[in-house]
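Along the sequence shown, the residues carry numbers beginning at 1.
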Amino acid sequence: KLYEAGKRREGFVDMMHDSGFKAVVMDRGNKKLLIRMLNCILPQEAHISDILSYHDREQIVDYAEAKKTFLDLVCVGDTGDIFNVEVQQEVDDFFFQRCVYYGCGLYHEELLEGDYYDVLKPVYVIAFLGENFRHENESLWDRDNIISRYRMIEERTGEFAPSTIFVIFAELERITKTIAECTTEQDRLFFWFRNGWKYEKLPEELTGDGFISDLADACRVAAFTKEKFNEYMSAMKNERDLQYRMKIHH
């Protein structure tokens, strides 16, 4: 319950749910936190120092019958690279195809009539997964190897093709470390992303990490403005209604 005795409960949003995730990362006041989150996951050559803009999350369709897609978050970094960030609780057999579809849609939208292909910027589709992505060799993936990055390469030589569409997963089901075992910023981010909602206050073991402390503050329900709190509650209701409809149709 988010209210107790007429007051908001002290606690944190669940960032693995769309409503909690969006309450944090879509708040423009949390831009610096979003940048740190992205840089924990992106390859070194793609690290960003600023977010220039947030884009419409509804992808444009080319014809009336085309599938309409609403993305969780789309933003543009200081080099023009485009980032689509998603959270996904369950991973089905076609989730990778869905991510490529998202990326292709954003890549396609970059060009206007008269533009040439040299203006295209890379698109990164980043997904925080509550369920592990299924790999061919599971022995290569464990609690110290939870980020998988896919890009276009030449099959025989492994040569990296020009930067186009990247698909990156953070497989949070693999997080089995205790707080004491989380020794890196990435460890602590993923631990909080998966477990933060369980706490009433920030665990003492995480208070020395300024980034995680700031992230926890951004997740604190009691700190939301009335308008943001109402938006969050509405988003939670819509999310639960959608989950219920999907459940009864399966």
Side-chain angles (χ1 to χ4, degrees), residues 1-41 50-51 53-55 57 70-75 83-90 126-131 170 172-173 175-244:
K1 295 180 180 179
L2 289 171
Y3 276 97
E4 291 181 359
K7 297 181 180 180
R8 295 184 195 178
R9 177 180 65 82
E10 291 289 338
F12 306 97
V13 301
D14 185 348
M15 291 189 68
M16 284 306 303
H17 284 149
D18 284 348
S19 51
F21 174 77
K22 292 173 183 175
V24 176
V25 303
M26 290 179 63
D27 186 329
R28 306 304 197 263
N30 295 331
K31 184 174 75 169
K32 290 183 179 179
L33 294 176
L34 175 58
I35 292 170
R36 289 283 289 271
M37 288 172 55
L38 292 177
N39 284 337
C40 277
I41 296 170
D50 196 11
I51 291 174
S53 61
Y54 294 77
H55 279 200
R57 298 181 296 111
F70 290 89
L71 307 176
D72 284 353
L73 170 71
V74 180
C75 58
F83 303 93
N84 166 214
V85 191
E86 303 283 322
V87 292
Q88 182 70 28
Q89 289 278 14
E90 298 178 356
I126 300 167
F128 291 88
L129 306 181
E131 184 176 276
L172 301 189
E173 189 179 17
I175 293 294
T176 59
K177 294 181 179 181
T178 64
I179 296 182
E181 292 174 316
C182 293
T183 58
T184 68
E185 179 173 283
Q186 187 183 91
D187 283 345
R188 291 186 287 271
L189 168 63
F190 293 155
F191 180 91
W192 182 258
F193 214 106
R194 183 171 173 80
N195 300 296
W197 64 274
K198 301 175 183 177
Y199 294 93
E200 290 294 312
K201 62 180 182 179
L202 185 66
E204 184 177 346
E205 295 89 342
L206 297 178
T207 56
D209 187 318
F211 167 48
I212 300 301
S213 293
D214 290 344
L215 179 59
D217 287 342
C219 293
R220 193 181 303 278
V221 176
F224 289 178
T225 63
K226 182 178 180 180
E227 180 182 8
K228 181 173 179 176
F229 179 78
N230 290 336
E231 290 176 355
Y232 168 62
M233 292 293 290
S234 177
M236 273 209 309
K237 180 181 182 302
N238 292 337
E239 186 176 355
R240 288 169 179 169
D241 288 347
L242 176 60
Q243 289 171 344
Y244 176 74

Q. When the ring planes of F21 and F193 are compared, do they come out parallel, tilted or perpendicular, using 30° and 60° as the limits?
A. tilted
Q. Looking at side-chain heavy atoms only, is the closest gap between F224 and V13 below 4.5 Å?
A. yes
**Q.** From L71 atom CG to E86 atom CD, the distance as rounded to the nearest 0.5 Å
**A.** 5.0 Å
Q.
Show me the pairs that pass salt bridge (charged side-chain N to carboxylate O under 4.0 Å, His left out) and involve residues 24-38, at least two apart or across chains.
A. D27-K228, K31-D50, R36-E185
**Q.** Heavy-atom closest pair, residues F12 and G196
**A.** CD1-O, 3.6 Å
Pairs under 3.5 angstrom only: tabulate donor-acceptor contacts from the side chains of residues 211-219 to other protein residues two or more places apart or in another chain.
from: S213; atom 1: OG; to: T207; atom 2: O; distance (Å): 3.3
from: S213; atom 1: OG; to: D209; atom 2: O; distance (Å): 3.1

Q | H17 side chain near Q89 side chain, heavy-atom distance below 4.5 Å | A | yes
Q: Look at the side chain of N30 and the backbone N and O of V24, then say whether any donor-acceptor pair between them is shorter than 3.5 Å.
A: yes
Q) What pairs with S53 under side-chain contact (heavy atoms from CB on, under 4.5 Å), at least two apart in sequence or on another chain? A) H55, V76
Q. F190: what forms a ring-ring contact (aromatic ring centres under 6.0 Å, His included) with it, not counting sequence neighbours?
A. none
**Q.** Whether E239 side chain and D18 backbone form a donor-acceptor pair below 3.5 Å
**A.** yes
Q) Is M37 close to L189 at the side-chain level, that is, under 4.5 Å between some pair of heavy atoms? A) yes
Q. What residues form a side-chain contact (heavy atoms from CB on, under 4.5 Å) with E205, not counting sequence neighbours?
A. I179, P203
Q.
Just to verify, what does E90 make a salt bridge (Lys or Arg N to Asp or Glu O under 4.0 Å) with, not counting sequence neighbours?
A. none
Q) Under 4.5 Å between any side-chain heavy atoms of Y54 and L73, yes or no? A) yes
Q.
Run the side-chain hydrogen bond (donor to acceptor under 3.5 Å, both in side chains) test against E204 and tell me which residues pass, sequence neighbours left out.
A. none
(Q) I'd like to know whether V25 forms a side chain to side chain contact (heavy atoms under 4.5 Å, CB included) with D72, so could you lay out the CA-CA distance, the side-chain angles of the two residues, the decisive distance to 0.1 Å, and finally the verdict. (A) CA-CA 9 Å; V25 303; D72 284 353; over 6 Å; no
Q. For N39, what residues pass the side-chain contact (heavy atoms from CB on, under 4.5 Å) criterion, not counting sequence neighbours?
A. I35, L42, H47, I48
Q: Please list, chain by chain and in numerical order, all residues satisfying side-chain contact (heavy atoms from CB on, under 4.5 Å) with D187, sequence neighbours excluded.
A: K177, C182, T183, T184
